[in-house]
Amino acid sequence: MSVDYTNGELQTVVAARSLAGKRSCFIGVGRPSTAALLARMVHNPRLVLVYESGTIGAKPHRVPLSIGDGELAQSADLVVSVPEMFNYWIGPGRVQVAFLGAAQIDPHANLNSTVIGDYAHPRTRLPGAGGAPEIATGCAEVVVIAPHSKRTFVQRLDFKTTRGERTTLVITDLGVLEPRDGVLTLTTVHPGVSVDEVRENTGFELAVSESLKVSEPPSTEELNALRELVSR
Amino acid sequence: MSVDYTNGELQTVVAARSLAGKRSCFIGVGRPSTAALLARMVHNPRLVLVYESGTIGAKPHRVPLSIGDGELAQSADLVVSVPEMFNYWIGPGRVQVAFLGAAQIDPHANLNSTVIGDYAHPRTRLPGAGGAPEIATGCAEVVVIAPHSKRTFVQRLDFKTTRGERTTLVITDLGVLEPRDGVLTLTTVHPGVSVDEVRENTGFELAVSESLKVSEPPSTEELNALRELVSR
Amino acid sequence: MAQIVSLSEAVEATVQDGASVALEGFTHLIPFAAGHEVLRQGRRELELIRMTPDILYDQMIGVGAARKLVFSYGGNPGVGSLHRFRDAVEHGWPRPIEVEEHSHAGMANRYVAGASRLPFMVMRGYQGTDLATRTNVRTVICPFTGEQLAAVPALNPEVAIVHAQEADRDGNVQLWGIPGVQKEAVLAAQRSVVTVERIVDQLELRPGGVVIPGWVIDYVAPAPGGSLPSYALGITERDNDFYREWDRISRDREHFQAWMSEQGLLG
Amino acid sequence: MAQIVSLSEAVEATVQDGASVALEGFTHLIPFAAGHEVLRQGRRELELIRMTPDILYDQMIGVGAARKLVFSYGGNPGVGSLHRFRDAVEHGWPRPIEVEEHSHAGMANRYVAGASRLPFMVMRGYQGTDLATRTNVRTVICPFTGEQLAAVPALNPEVAIVHAQEADRDGNVQLWGIPGVQKEAVLAAQRSVVTVERIVDQLELRPGGVVIPGWVIDYVAPAPGGSLPSYALGITERDNDFYREWDRISRDREHFQAWMSEQGLLG
C-alpha cells in the first residue's frame, strides 16, 4: 500500500523510530518534540520525555509551542529547577538520547547555533547555545534533526557551539547520516532521493556508505498518528 | 518581687533575651531550642527559627527532642534539603544568629565537639562537627551556650572543631563572657555568683571586665513562660 | 523583611540607570509587567541579565534601554528569531549592545554560585567549543583526580525581579509550576523585587510549590496578569498567539516603534 | 527501571560483604527496616556512610558489621552519646572501626558532587580547624578571585538505601517532610534501594513532595513502618521514648547484645 507523505513527515517519522527501545529522550521544541511525541504514540509508550525547562516525564497531549508550556509541567512526573536539571540529570548522563537542532553542522557533527559570519560582527545572530553544549556531552546518544542544505551542512562552522563526539544519527529531509570513523557518512536515503541530490545539498564532500539503505516509508499507522498529533 | 529560679533557668532566659530584635536564629536541640522558643514567646514573636534539618521558619509548640521532629517540618515556612540549607542559607550568612554548644571552649571561643584526648585514641569520642563549623563562620553572630566548668572552659582544645571569630556571647549557668580583643572576658555574672566562683570553674586564666554587670533575674513573665513551655 | 508596595514604587526603589538587572523566569512567570515598568520609568544603560531573553528583552533592547546583555539563549521559543536583539547585535540599532553569552548550564551554575555567595562554581562544559574563547569562563583542576573542569564566575546582579503566583502579607512568596532559576536569582541579587498575581492572607503550600521567605526579599508588588504573554501556572494562560504575532510586530523597526509607543513603552 | 521486590530480595541483590553503603535520612525517614535486614543477612566489613549515624548505625556498629564509618555527626539527637559507636572508637569493641568524618556542609556537598557525577565540590569551610588535617579535604583556588576554598571529594556509595512514604507500581517514589540528602544519595550511588510505607496506584504530588523517578532507582521494597523508631511524616510518629530508651539499652555491651539477639539482629 502506498501513502502520500512529505519528506518532512518522513524525517519526523524516522526520528520517532530512532526512539524505539530507548528509555529517555531530551527534546527541544519543533520537529524533535513532534517526533518524540509520535514515538510515545507508536513505538515506545514508556519513553520518558525531558525538557530543559525542568519537566521530567512530561506527557503532553499537544505538541508544545515552547519548552515551558503549562501542559509540560502539569503532566510531568517531576519538575525541577534549571540548575538541578543540568547538574543532577543532564550532566551525569541520566538521559539516554538527545534530539538537537542547529543552523550549521560540520563533517564531525559539531554544531553552530551562535552566529553566521564573524562573532564580533555577525551576518546573522542566532539564538546561542542554550542547553545544547552540555546536553551533547551529557547524553549517551545525540540525534541531530536538521534540514538538508548547503547552508546547514558546511565544511567549517562559523562558530563551534556544541561538540559532535556523541552524535549517532543526523536525520534530514533527504536521508540519514551516521559517523564512520568520526566522519558523517550518508547511510540512508529517503525513497526517491538520489545520492547526487544529497551531495548537491551538502556543503562538504559527502562520504557515502557502501551499504546504503533506503528509509522505510511511513506506515499508515505512523502517518495517521503523526497527522492526528499535529492537528491537535 | 523575688522569684525562685535555678541558674540553668536563668541561663536559658539570658539566652532568650539575646534574641530580642534579631531577625533569625539557627538552633540545635536542648537548651538553645528552649531559649529560642522562649524568645518567640516573650521577646520576639517574629524571630525566624532555622534548624539544620532544613526547616526554615519553624514554629514548634513544644521543645523538639530532635532537630528533625515532624512538628518542625509541619510548622515551617519552607523546608529545604540539607545541601540547600548549607549552600543557600547558612554559607551566605542569611541567618543572623547561631546558638551553638560544645564540649570544650578555649579563650578565643574556638570549640571542640569531636574528641576528648588524642584523635587517634580518644578518651571520649564526641558526636563530631555536625553543622557547627560552617554555621560558626556563616552566621554574623554566634552565641555559645555551655555549662560552666573547668572541663568545658579549657586553655587548649583537644581538637579544634569550630572557629570562634564570630562568637559574640558565651552564656553559661554562672554568667556571660564576651570577646574583648579576641579573648573571652567575663562581663556578667548571674545574681549570687562571685567572680571567684567563676574563676574556679574556668580552666584558663579568667579575664574579667572592669565594668562587670549582674544579670537581671528572670521576670515573672519569663519564668512562667519558660516553665509553661518546658511542661508542654 | 519584604515591603509590599506598588510596582512603580518597587521599580523606582531598585532599578537605577546603569544597573545590572536580572528579570528571570524560565519560559514561565516572566515578569513582563515589571520590565515594562522599567521602560515606563525611562531607565537606560542597563546590563540586562537573563538565561532566555524572550520577547521582554527584545522589547527592552529594541528601545535602547540596554548597554549589555548577559544570556544563554536569545530566541522566540518555538517561533524563531528575536528581531530586535538581532538588529542590535547585527546592526547596532538603536544602539550597539555588548553581549556576554553562556550555555544554560553555565548561567544556571553562575546563579548557584551567586546564591551561595561563592566566587565560582565547577562544572563540565565549555571545553572544546568556541564559547570558551568568547566568554567569561576559566578552568580549574580537580585536586583529587587532576581532571580539568570549567569554572564559571558567580552572578550577583544588583537587582533581581521575578514574578510569582502569590505572596502573603508578610511578603512570603510562593510560586509553582516550572521554577526555573528564580529562587537562585533572588538569593544571588543585591536587591530583589517579586511581583505577584495576588496577595493572600496565608500561603497554603502547593505541590511543587517553591517558597521564598519575605525576609530575603526587598519588595513585593501586586501585578495581576503581570507575566502575560508568558503565564502563571494555574492563573493565566500563555498567549501563544502573541508570541507568534511578535514575530510580525518586531521584524520591522518602525512597526516595532509604533507598537511600543501605543503601549506607552517608549519611556 | 525500578523492580518492586521484597525487602530481603532488595538487600540481597545490592549489599555484599565489604560494600560501601549509605543508609540516609536526615533525622526523618531513617531506613531502619533495611538496615536490620542487612544485619539479618549477616553482612560484614561494610563501609557505612551516613551524615547522622543515629541509633541504626549504633546497632550496626555494635554487632561489628562495619569496617569503616563515614559521617558528620554521631550522636543520639537530643539524648546524648551513641554508646556502641563510642565503644568501637574508644575501645575497638567489638572490633576497631576506621572513621572518616566531615562537617554536615562537607558531607552534603560530597553527595552533591556524587549526584552531579563531578569529582569534587567547592565550599567555604574546614580551613582553620583540625578537621582539615584529619579528613579527606583539599583546597582549590578560585580562578577569578584568587580566594582559597575547600574542595570536598565526590561521594559515590556502591549502594544507597533510603525510605520514603510511597511508590507507584512503576517504582516512582515520593517522600515529603524533611528531605535531607536522600535524593542526592540515590543519584550518587551505583545501586539504590528505596523502601516505602506503601505502594499506590498513582502518586499524587504533595506539598513539599520530592519525587524520584523509578528509572533512576534499582529496587523498591514495601516496608510499612520501616523507618521506626524514626518516622515517616504523615504516616508514623517518631518514637522519642525509644530514642531515650536506647541510651539505657546501648550503654552496656551485654545488655545491648541481649537486646539485639532478642530482635534477631545479631546476624
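Chain A is the first sequence line, chain B the second, and so forth, proteins listed ahead of strands; every chain is numbered from 1. Just so you know, these numbers use all the heavy atoms, side chains as well, and skip hydrogens, waters and symmetry mates.
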Take a 6.0 Å sphere around CD of D:E237 and say whether it holds more than 12 heavy atoms from other residues, nucleotides or ligands. no
Does atom CZ (A:R156) have a neighbourhood of more than 12 heavy atoms from anything else shown, all under 6.0 Å? no
Mind listing the closest non-hydrogen atom pair of D:A115 and A:P92 along with its distance? O-CG, 3.3 Å
Could you state the interatomic distance from CD1 (D:I212) to CG (A:D77), rounded to the nearest 0.5 Å? 13.0 Å
Quick one: closest heavy-atom pair of A:L78 and D:V211, and the distance? CD1-O, 3.3 Å
Quick check: are there more than 12 heavy atoms from other residues, nucleotides or ligands sitting under 6.0 Å from CZ of A:R46? no
Is the count of non-hydrogen atoms from other residues, nucleotides or ligands lying under 6.0 Å from A:R180 atom CZ greater than 12? yes
Output the distance between atom CD (A:Q96) and atom CH2 (D:W215), rounded to the nearest 0.5 Å. 10.0 Å
Interchain contact, A:V80 with chain D, by part (heavy-atom threshold 4.5 Å): side chain
Does any heavy atom of chain D fall under 4.5 Å from the side chain of A:I56, the backbone, both, or neither of them? side chain
State whether the side chain of A:R94 and the backbone N or O of D:L187 hold a donor-acceptor pair below 3.5 Å, judged by distance alone. yes
Count the heavy atoms belonging to other residues, nucleotides or ligands that lie under 6.0 Å from CD of A:E228, then report whether that count exceeds 12. yes
Highest number of heavy-atom pairs under 4.5 Å with chain D among A:F86, A:Y88, A:W89 belongs to A:Y88
Going from CZ on A:R23 to CE on D:M1, what distance comes out if it is rounded to the nearest 0.5 angstrom? 7.5 Å
Nearest-0.5 Å distance that lies between atom CD in A:E84 and atom NZ in D:K183: 3.5 Å
Below 4.5 Å from any heavy atom of chain A, which atoms of D:V210 appear? Answer side chain, backbone, both or neither. neither
Can you tell me how far CZ of D:R117 sits from CG of A:N87, rounded to the nearest 0.5 angstrom? 13.5 Å
